[in-house]
Amino acid sequence: MDLPKEYNFKEVEKKWQKRWGKDKLYKFDPKSQKKIFSIDTPPPTVSGNMHIGHAFSYAHEDFIARFKRMNGYNVWYPFGTDDNGLPTERLIEKIKSVKAKDIRRDEFIKLCSKTLKDIRPDFIDDWIKLGMSCDFTEIYSTIDEQSRKISQKSFIDLHKKKLIYQEETPVSWCTTCNTAIAQAEFENRKLNSHFNDVVFLVGTKEILISTTRPELLPACVAVFVNPKDKRYNKLAGEKAKVPLFDYYVPILKDERVDINKGSGAVMCCTFGDMVDVEWWREYKLPLKVTITKDGLMNNEAGNYEGLTIKKARHKIIEDLETNGLLKEKRQITHNVNVHDKCGTELEILKTKQWYIRIMDNKKKLIEQGKKIKWHPEYMLKRYINWVENLQWDWCISRQRFFGVPFPVWYCKKCNEVKIAEEKDLPIDPLYDKPKGRCNCGCSEFVGENDVMDTWATSSVTPQIVLDWDKKGKVPMSLRPQGHDIIRTWAFYTIVKSYYHFNEVPWKDIMISGFVTLQGEKMSKSKGNVINPQDIFEKYGADALRFWSASMEKEVQAGLRTIIKLWNASKFSIMNLQDYKLEKPKKMEVIDKWILGKLNKVINESMEFFNKFDYSKNKMEVERFFWNTFCDNYLEIIKNRLYGGDKIKRLSAQYGLYTTLLNIMKMFAPIMPHITEEIWNLYFKDKEKVESIHTSEWPIYDKKFEDGNIEEIGDKFVEILGKIRQFKTSNKISLKTEVSLTLEKKEYNLLKEALADLKAVANAREIKEGKFNITLC
RNA sequence: GGGCUUGUAGUCUAGUGGCUAUGACGUAUCCUUGACAUGGAUAAGGUCGGAGGUUCAAUUCCUCCCAGGCCCACCA
């Protein structure tokens, strides 16, 4: 059967996506004896469409999945969606016009699960349209029953191992989201502010304190000066009077005070920053809290009670000014940590939270990171850098409504913690009752209100997809993910895997870069965003995938390659109609040459892919296909394909079939649709395999390596180039007949290929002598 | 300030201690050859960011500088 004249990517891509789904081509077979290759797929968040960055990174992992599948692995490539967290909470609130806090927590989670089930197919459609080869028959959600169960089980296991503890301690707090947050959720912002020189009185003397946060004056518990600072060090031990609030705090010496910053004297408040926390701890200072969890001033702030932090700041500055207590006000910009979800400036509040131990085990966690192969390698350094610089244990409790509940109750009488039993999971302690009594004999409990940090659940995706360890054990084969979540997803997963199993979660981790457009990062504000949905429409998924496999800036190159692939296949298959897979007894030298070249590419392609370097693989295969195969080989053998000699024709057919077949296979991971279509139309019957994606990857065979043949072929191409150059510079058609004279050395070398050369060059004759091309 | 990373023709990019530095897009000229004009052929275009150093030899290794990017720290 001939190929249709034109390739209709829209129809073909849709057709195969449907078929693959229907045939369950990518379904994981747990009974298979093949070696497993498992991928810890990143679950995207349902609230929002697929963007181009997604498209690229998911395409990249799919290349690997398809390559491994063709290499005989039993590929476990699960798919899930991340529905645990603020974005989902907001989405459901919007769709269903409800407020999470007005509903029972378990009801809200149910509502989410139900709603997500409805909208998920639509959302996942983009991933299917991209041609992903995940097993879409079982899709997990990070809030579903299984995920809650595993997440709670993880908590219980770590609690047993004493790696989780609860403590009331200063923690970073978001006053908008009303919850504690972890260091990993900090985002840095450059903000404008004022440096205010405020007058503190020491006896009758004035001492200036520079502060950007005068609203914390009522939280001031000490003044610090540097022991080496001659201006102030004599004052140590005395008391300073806090302006406006008129109470006294001690003046203390500490080397952490920067003499050159501001006035050189600092007030310590509970809490303005991390140094305040350190001083508060070390010097056993009292706690004076002036800010509520919602970001309002409390009764400690006296007249300012009830004001927001910002309003209080303005009011206090005004009052300082009118009382002559403000000496100077300078505008500055400084970096402030804000909550990555909402942009609110973070406060430090002393609250009771659950923590997972990190600080004690930093060295070991770095060691774990080193046991994983990072792609690219230097990303490991980012990991190490992050772990080394961690300041706090991982705070996993959030004062939110939506999320995985802690499997924890507190005894009403003695406040002792009671942990749920594993067989009852998942539970919600607000509505489920614990079994048995507290050690104190009391049988009444209060459920834990807090929910877990979403990362506490995301960090067990290997256990979710492996059903803890029923379907397989860590390490999984591969984690693909973005560089921006090394500090969260990668790190926390490594932590959990280490604590639970003393094992790394995966053997390899592949970090995708970010998509740039002409060197610029794509962003909505720059207006240079490209939607994958538009690309699917205009160019198709294969073109998008092809594009993502390289650094080119245009998708169009992808579509061109696809059309070229179609046309080259059409031509080849047209000339292979009568080919019955026979192997010619005698092969022409050019046909041997193309097989040698092909074999080299097969070898390289394998090497690149094994290093997850799909981009170099693409480059090599593309170059071979376009340049060597289309521009040279096809042109050379045309004459033999058309012409009379049956043996020579068969030799060409053999070369053509073998080369095209293997090009198809090597392109299959990158462009799964068109290769499947051509496979289906032609190769399927010959190769007796239903899908190209379950066919065998080309095998490298050393016996095709023949230096002598390669020399002949390369010389052939070189001379062909000279002939083309001659014709072009004389502005004549390549069809024009010429007369060719070759040097003796070359003439002898090319002896067996002269007929082919004569044909492709359109030479009337080839003589021996001084190299020369002439018009006839 | 610390760490990482990049700097190659108009644009994007490959690459290596040594033959004439890769490819694509774009440009120019030609070719309507029986798969493909979304094609083919040919050509022009580069002091490989700058300055030193190691070396017989550096775009490639080292140092410094300049310019981007990413992550972190810096909140008095």
Side-chain angles (χ1 to χ4, degrees), chain A residues 2-3 5-7 183 186 188-191 193 195-196 198 209-214 216 220 223-224 256-258 261-269 272-276 279 332-338 345-346 348 376-386 388-391 483-484 486-487 513-514 516-521 539 550-554 556-575 615-616 619-620 622-623 626-627 630-631 634-635 638 641-642 720-736 760 762:
Chain A
D2 277 340
L3 262 48
K5 185 161 168 41
E6 269 169 28
Y7 176 65
Q183 197 181 341
F186 292 6
N188 240 265
R189 288 258 173 94
K190 259 212 168 98
L191 295 175
S193 183
F195 223 2
N196 306 287
V198 179
I209 303 278
S210 302
T211 178
T212 54
R213 302 204 56 188
L216 288 179
C220 177
V223 164
F224 279 90
R256 272 163 279 192
V257 179
D258 184 346
K261 194 163 181 178
S263 63
V266 162
M267 66 173 182
C268 169
C269 307
D273 62 20
M274 275 304 285
V275 181
D276 286 348
W279 280 335
I332 53 155
T333 53
H334 63 168
N335 288 302
V336 179
N337 281 326
V338 299
E345 293 179 45
L346 295 174
I348 299 171
E377 219 174 322
Y378 69 79
M379 288 295 179
L380 168 63
K381 285 182 188 159
R382 286 211 187 173
Y383 170 85
I384 293 172
N385 204 311
W386 170 256
E388 274 174 349
N389 289 308
L390 273 167
Q391 302 290 319
H483 63 98
D484 50 331
I486 291 175
R487 64 181 187 174
F514 44 93
T516 57
L517 190 69
Q518 285 155 8
E520 265 187 282
K521 202 174 167 180
Y539 303 96
S550 59
M551 287 296 149
E552 282 154 27
K553 59 175 181 176
E554 287 180 53
Q556 220 161 344
L559 186 55
R560 253 177 234 157
T561 305
I562 285 154
I563 293 168
K564 187 82 178 172
L565 191 61
W566 184 257
N567 285 319
S569 303
K570 191 168 66 181
F571 170 79
S572 305
I573 289 165
M574 204 165 73
N575 287 290
S615 113
K616 280 212 193 77
M619 244 170 46
E620 285 308 311
E622 188 194 3
R623 190 172 304 175
W626 205 297
N627 203 273
C630 290
D631 294 344
L634 287 186
E635 292 304 322
K638 260 180 187 173
L641 287 173
Y642 299 149
L720 180 59
K722 280 181 183 160
I723 295 161
R724 283 167 171 168
Q725 190 176 25
F726 170 81
K727 290 182 179 177
T728 299
S729 60
N730 283 295
K731 300 192 175 183
I732 55 174
S733 163
L734 291 177
K735 209 170 72 175
T736 315
V760 72
N762 241 302

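Below, read A as the first sequence line, B as the second, and so on, with proteins coming before strands; counting in each chain starts at 1. Note that the structure is predicted; figures quoted are calculated from it, not measured.
Computed from coordinates, the A:Arg724 CZ to B:rA43 P distance equals 12 Å when rounded to whole Å. Here B:rG40 presents its P atom at 20 Å from CD1 of A:Ile732, a figure rounded to the nearest Å. Following rounding to the nearest Å, A:Asn389 (CG) and B:rC4 (C1') show an atom-to-atom distance of 12 Å. Rounded to an integer number of Å, the gap from A:Phe195 CZ to B:rC74 P is 15 Å. Taking atom CD of residue A:Gln725 and atom C1' of nucleotide B:rU20, one finds them 14 Å apart after rounding to whole Å. Counting to the nearest Å, the P atom of B:rU5 and the CD1 atom of A:Ile384 are 12 Å from each other. In this structure, A:Glu622 atom CD and B:rC25 atom C1' are separated by 12 Å, rounded to whole Å. Here B:rG34 presents its P atom at 8 Å from OH of A:Tyr642, a figure rounded to the nearest Å.
Straight-line distance between the P atoms of B:rG40 and B:rG26: roughly 12 Å, to the nearest whole Å. With both ends at atom C1', the span from B:rU59 to B:rC48 equals 4 Å, rounded to whole Å. As rounded to the nearest Å, B:rG7 and B:rC65 have C1' atoms that lie 14 Å from one another. Atom C1' of B:rA21 sits at a distance of 23 Å from the matching atom of B:rA28, rounded to the whole Å. With P as the reference atom, B:rG45 and B:rG23 are 15 Å apart, rounded to whole Å. On the C1' atoms, B:rC12 is 16 Å away from B:rU27, given to the nearest whole Å. Across B:rC4 and B:rA9, the matching C1' atoms stand 29 Å from one another, rounded to whole Å. Nucleotides B:rG3 and B:rU55, compared at atom P, are 28 Å apart to the nearest Å.
Minimum atom distance to the side chain of A:Lys381 is reached by B:rC4, of the listed B:rU33, B:rA73, B:rC4. When each of B:rA73, B:rU22, B:rC70 is scored by its nearest atom to the side-chain atoms of A:Asn335, the top-ranked nucleotide is B:rA73. Counting only heavy atoms from C-beta on, A:Asn188 has its side chain closest to B:rA73 among B:rU38, B:rA41, B:rA73. Listed nucleotides: B:rU33, B:rU42, B:rA35. Nearest to the side chain of A:Lys735: B:rU33. Among the nucleotides B:rU22, B:rC74, B:rC4, the one closest to any side-chain atom of A:Asn337 is B:rC74. For A:Gln183, the listed nucleotide lying nearest its side chain is B:rA73; candidates were B:rA73, B:rG34, B:rU42. For A:Ser733, whose side chain is taken as the heavy atoms from C-beta onward, the closest listed nucleotide among B:rG40, B:rA73, B:rC31 is B:rC31. You'll find that the side chain of A:Tyr378 is closest to B:rC4, out of B:rC25, B:rC4, B:rU33. Taking only side-chain atoms of A:Lys570, from C-beta outward, the nucleotide of B:rA14, B:rA35, B:rA41 with the closest atom is B:rA35. With B:rC74, B:rA35, B:rG3 as the choices, the nucleotide that has an atom nearest any side-chain atom of A:Lys261 turns out to be B:rC74.
Shown here, B:rC4 forms a base pair with B:rG69; the pair counts as Watson-Crick or G-U wobble because both key distances fall under 3.5 Å. Base pairing analysis places B:rC25 opposite B:rG10; the two distances defining the Watson-Crick or G-U wobble pair are each below 3.5 Å. The partner of B:rC61, taking Watson-Crick or G-U wobble pairs whose two distances both stay under 3.5 Å, is B:rG53.
Rounded to the nearest 0.5 angstrom, A:Glu635 CD and A:Cys630 SG are separated by 9.0 Å. Summarising the geometry, atom CG belonging to A:Leu191 is positioned 10.0 Å from atom CG belonging to A:Asn337; distances are rounded to the nearest 0.5 Å. Between A:Leu734 atom CG and A:Thr728 atom OG1 the span is 5.5 Å, to the nearest 0.5 Å. With rounding to the nearest 0.5 angstrom, the CD1 atom of A:Ile486 is 10.5 Å from the OH atom of A:Tyr383. For the atom pair A:Lys570 NZ and A:Ile563 CD1, the distance stands at 10.5 Å (nearest 0.5 Å).
Side-chain contact between A:Ser572 and A:Leu634 is present, with at least one heavy-atom pair separated by less than 4.5 Å. Looking at A:Arg189 and A:Asn335, their side chains never come closer than 4.5 Å, going by heavy atoms from C-beta outward.
Contacts of A:Lys727 with the nucleic acid, taken as non-hydrogen atoms under 4.0 Å apart, are absent. As judged by a 4.0 angstrom heavy-atom cut-off over every strand, A:Phe224 is placed among residues making no nucleic acid contact. Nucleic acid contact for A:Ala557: none, since no nucleic acid atom lies under 4.0 Å from a heavy atom of the residue. If you check every strand for non-hydrogen atoms under 4.0 Å, A:Trp626 touches sugar and phosphate atoms only. Nucleic acid contact for A:Lys731: sugar-phosphate only, since backbone atoms but no base atoms lie under 4.0 Å from a heavy atom of the residue. Counting any heavy atom pair closer than 4.0 Å across all strands shown, A:Asn730 reaches no nucleic acid atom. Using a 4.0 Å heavy-atom criterion, one finds that A:Asp631 contacts the sugar-phosphate atoms exclusively. Counting any heavy atom pair closer than 4.0 Å across all strands shown, A:Leu191 reaches no nucleic acid atom. Using a 4.0 Å heavy-atom criterion, one finds that A:Trp566 contacts no nucleic acid atom at all. Across all strands shown, A:Glu635 has heavy atoms under 4.0 Å from base atoms, whether or not it also approaches the sugar-phosphate. At the heavy-atom level, A:Lys564 lies under 4.0 Å from base atoms of the strands shown. At a threshold of 4.0 angstrom between heavy atoms, the contacts of A:Met274 with the nucleic acid are absent. A:Arg382 comes within 4.0 angstrom of a base, heavy atoms only. Heavy atoms of A:Cys269 sit nowhere under 4.0 angstrom from any nucleic acid atom.
Applying the 4.0 Å criterion to OP1 and OP2 of B:rA14, one finds that A:Arg623 has every side-chain N and O outside that range.
Between the base of B:rC71 and the side chain of A:Asn385 there is no donor-acceptor pair shorter than 3.5 Å.
The aromatic rings of A:Trp566 and A:Tyr7 sit tilted relative to each other, their planes meeting at an angle between 30° and 60°.
Panel note: side chain A:Ser569, backbone A:Leu565; a donor-acceptor pair is recorded below 3.5 Å. A:Asn730 places no side-chain N or O within donor-acceptor distance of the main-chain N or O of A:Ile732, the cut-off being under 3.5 Å.
Each of A:Asp273 and A:Met574 has a nearest nucleotide on RNA chain B; the 5'-most of these lies closest to A:Met574. When the nearest nucleotides of RNA chain B are assigned to A:Met619 and A:Asp484 by heavy-atom distance, the more 5′-ward of the two goes with A:Met619.
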